[in-house]
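The structure under discussion appears below in the form of structure tokens.
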Amino acid sequence: MLDIKFIRENVEVVKKSAIGKGFDINFLDELLRLDKDRRTLLGEIETLNAERKKNTDKEKGKEIKELLGKKETEFRLISEKFDDLMLRVPNLSADDVKIGSPEKNEVIKTVGEIPKFNFKPKDHVEIGQLTDILDIERGTKVAQSGFYYIKNDGVFLEQALINFAIHKLVKKGFTVLITPNVAKEKNVVGCGYQARSEKERQIYHIEGEDLDLIGTAEITLVGLHTDEIIDGEKLPIKYAGISSCYRTEAGSYGKDVRGILRVHEFRKVEMVVFCKPEDDLKIHNELLAIEEELWQELEISYQVIKMASGDLGSAAARKYDIEAWMPSQNKYREVTSTSSTTDFQTRRLNIRTKIDGQNIFPYTLNGTVFALGRAMIAIMENYQKEDGSFEIPKVLKDFVGKKVIEIKK
RNA sequence: GGAAGGUUGGCAGAGUGGUCUAAUGCGCCGCACUUGAAAUGCGGUAUCCCGGAAACGGGAUCGGAGGUUCGAAUCCUCCACCUUCCGCCA
């Protein structure tokens, strides 16, 4: 959420930034009109309240009460609309972000060697069948398309990725958590994940409860401090959370239907940092560096993409993706994403920090450590051998307990 | 699922119809005293609205909504959440 005062005084800046992100911002004039009406009414209500307090006359008291009732109803109506529109105003993109559609995304770095195979590389679905570590068909049978089983050594591989990641992150000063996989809608909306429309809703809702299945632990990690005041001395606070993630993937029918690249449920290790505004860039670079370090240690080739404004989404001010090499597709595919959301989320969730006696909204940043399904795909495909077996990256060997995952006899 | 108790400022916590401009304590910020610190003293300490360049001034806000009343933190109703006990259960 942006500060309404900022919006009032910088309408053109807000418009320009939103258009750069590809958002329809036609409602901005209505928002400003509602803001004006809302404040006028609030003034009237407060004056009436003050009168009511002082008044001792019976007749006049009743009069005031009646008028107050009308004004309050009107106020509530306007406020509701106002709040709704406020939530639809996207965050500003950072100054260093290129304005433009996703085609303007920039590859800022390519690291590592693309593996050369003297056979036609298989995809993870085939490798998963041959090694018997994935059962996608039965996931579909028991649950639905987009759900899958991980079996046998696959289980150890996923656990290995988690362990490898959290050991590293603890050393880097992160507090590790296993978070709830559900959260009240307030936290979902607070992080900027509200649906643009019901049709495109990405989040599963639990019927009859004020609970959504989380799409990422970002929601539960940022939500940790909802309605709290964080001591400025404690910043930066760094969290790494393990959770399941649920996505309806509405609007992406037909994309990546094969395998487990795009699914409704997966597990992920996610970083969230609360920091002082002036540390934004520094922390963002740190998060990206951690993500790169992990892929370097896995010895898998990757690219770092700096997203143009059109690919930022509502909350992000700046975003980098890492794309890892996927041999079966002969291209790099997204495996991590790290964003700065400035004070967009903390404003919505009323998370403040006290620095020298002053309350300000801290900045939040997030970044993927491992989207475990996608990391597994990358390992399976990049480390595959001709028969469909694959090696375990050196850094994971001790965690998995073996060097190769063999095909099932 | 059943029952009881609770929700007040950064925290603890008082407050059962007007004097609440919300006690008191702690924390934090500033100032004074001090070589420095501690201790002490004084002042401040949230959010929103209006006016103002600012300093500041005025007003509103005691979980949410509704009701009773001239008047509600305080009484009544509903809702949300929290705690404890019971039941069920990994």
Side-chain angles (χ1 to χ4, degrees), chain A residues 1-10 31-87 89 155 177-190 205-214 219-220 222-237 242-244 267 274-278 343-362:
Chain A
M1 185 156 59
L2 299 181
D3 186 353
I4 182 63
K5 282 179 201 151
F6 180 87
I7 298 175
R8 263 181 233 144
E9 287 158 19
N10 301 277
L31 175 73
L32 290 170
R33 202 175 58 242
L34 287 170
D35 172 49
K36 205 169 180 189
D37 293 350
R38 184 186 63 102
R39 284 183 293 144
T40 306
L41 269 171
L42 188 59
E44 288 171 7
I45 288 169
E46 287 181 354
T47 307
L48 283 171
N49 260 325
E51 269 180 55
R52 195 185 194 190
K53 274 188 177 176
K54 285 187 205 132
N55 176 60
T56 52
D57 181 75
K58 209 167 182 171
E59 284 305 307
K60 189 155 183 222
K62 290 201 191 263
E63 237 173 73
I64 293 172
K65 185 190 165 182
E66 201 177 316
L67 190 55
L68 205 50
K70 276 186 203 160
K71 295 280 182 193
E72 278 174 345
T73 308
E74 204 181 334
F75 178 74
R76 207 167 310 122
L77 225 75
I78 288 176
S79 290
E80 228 168 79
K81 278 191 213 156
F82 171 77
D83 293 343
D84 187 56
L85 291 184
M86 275 300 279
L87 290 176
V89 180
V155 174
L177 306 96
I178 297 175
T179 88
N181 295 324
V182 296
K184 291 192 182 114
E185 190 176 31
K186 174 184 181 175
N187 298 292
V188 176
V189 172
H205 178 70
I206 298 180
E207 192 71 36
E209 301 273 350
D210 177 22
L211 286 175
D212 292 337
L213 300 184
I214 58 171
I219 292 163
T220 41
V222 174
L224 268 173
H225 293 296
T226 293
D227 288 322
E228 288 184 12
I229 295 181
I230 301 170
D231 181 0
E233 300 277 310
K234 297 213 169 100
L235 298 179
I237 298 175
I242 303 164
S243 82
S244 290
R267 284 150 304 283
F274 292 82
C275 74
K276 294 179 186 168
E278 63 264 34
D343 57 357
F344 188 77
Q345 297 178 327
T346 52
R347 253 177 219 289
R348 291 179 171 218
L349 292 170
N350 190 32
I351 298 170
R352 291 166 292 166
T353 188
K354 200 159 216 175
I355 297 172
D356 298 329
Q358 287 287 99
N359 279 333
I360 59 146
F361 293 101

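Every value quoted in this text rests on a predicted model; they were computed, and no experiment measured them. Convention: sequence-line order gives letters A, B, ...; per-chain numbering from 1.
- The nearest heavy atom of RNA chain B to Thr47(A) and to Ile229(A) marks one nucleotide each, and the one closer to the 5' end goes with Ile229(A).
- Between the P atoms of A38(B) and C29(B), the separation comes to 11 Å (whole Å).
- Straight-line distance between the C1' atoms of A65(B) and A72(B): roughly 15 Å, to the nearest whole Å.
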**Message:** Go through it in stages, so that I can follow the logic: the residues are Thr220(A) and Asn187(A), the test is side chain to side chain donor-acceptor pair (under 3.5 Å), and I'd like the CA-CA distance, side-chain angles, deciding distance and then a yes or no.
**Reply:** CA-CA 7 Å; Thr220(A) 41; Asn187(A) 298 292; over 6 Å; no
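- Under a 3.5 Å cut-off, the side chain of Arg348(A) and the backbone N or O of Val189(A) do form a donor-acceptor pair.
- In terms of position on RNA chain B, the residue among Lys65(A) and Glu46(A) whose nearest nucleotide sits closer to the 5' end is Glu46(A).
- Rounded to a whole angstrom, the distance from the C1' atom of A73(B) to that of U16(B) is 10 Å.
- You won't find any donor-acceptor pair under 3.5 Å spanning the side chain of Arg352(A) and the base of U47(B), going by distance alone.
- For the side-chain contact (heavy atoms from CB on, under 4.5 Å) with Lys71(A), the lone residue among Glu66(A), Arg76(A), Glu44(A) that qualifies is Glu44(A).
- For the P atoms, the distance from U47(B) to A80(B) is 30 Å, rounded to whole Å.
- The CG atom of Asn359(A) sits 8 Å away from the P atom of A46(B) (whole-angstrom rounding).
- Checked by atom type and distance alone, the side chain of Asp212(A) never pairs as donor or acceptor with a backbone atom of Ile214(A) at under 3.5 Å.
- In this structure, Glu233(A) places its CD atom where only 12 or fewer heavy-atom neighbours from other residues, nucleotides or ligands lie under 6.0 Å away.
- Applying the Watson-Crick and G-U wobble criteria (two distances, each under 3.5 Å), C78(B) pairs with G64(B).
- Comparing the P positions of G2(B) and C79(B) gives a spacing of 12 Å, expressed to the nearest Å.
- Across the P atoms, U21(B) and U61(B) are found 9 Å apart, a figure rounded to whole Å.
- When Watson-Crick and G-U wobble pairs are counted only if both distances are under 3.5 Å, U69(B) pairs with no nucleotide at all.
- Pairing for G87(B) is absent, with no Watson-Crick or G-U wobble pair whose two atom distances lie under 3.5 Å.
- Pair assignment for U45(B) gives G27(B), based on Watson-Crick or G-U wobble hydrogen-bonding distances that are each under 3.5 Å.
- Taking atom C1' on both C62(B) and U74(B), the two are 10 Å apart, rounded to the nearest angstrom.
- Between the CD atom of Glu72(A) and the P atom of C48(B) there is a distance of 20 Å, given to the nearest Å.
- Residue-level contact check: Asp231(A) touches neither bases nor backbone, having no heavy atom under 4.0 Å from any strand.
- Regarding Glu44(A), its CD atom lies at a distance of 12 Å from the P atom of C50(B), rounded to whole Å.
- Annotation: U84(B) and U68(B) have their P atoms spaced 38 Å apart (nearest Å).
- One can place CG of Leu211(A) at 13 Å from C1' of C81(B), the figure rounded to the nearest angstrom.
- As judged by a 4.0 angstrom heavy-atom cut-off over every strand, Lys60(A) is placed among residues making no nucleic acid contact.
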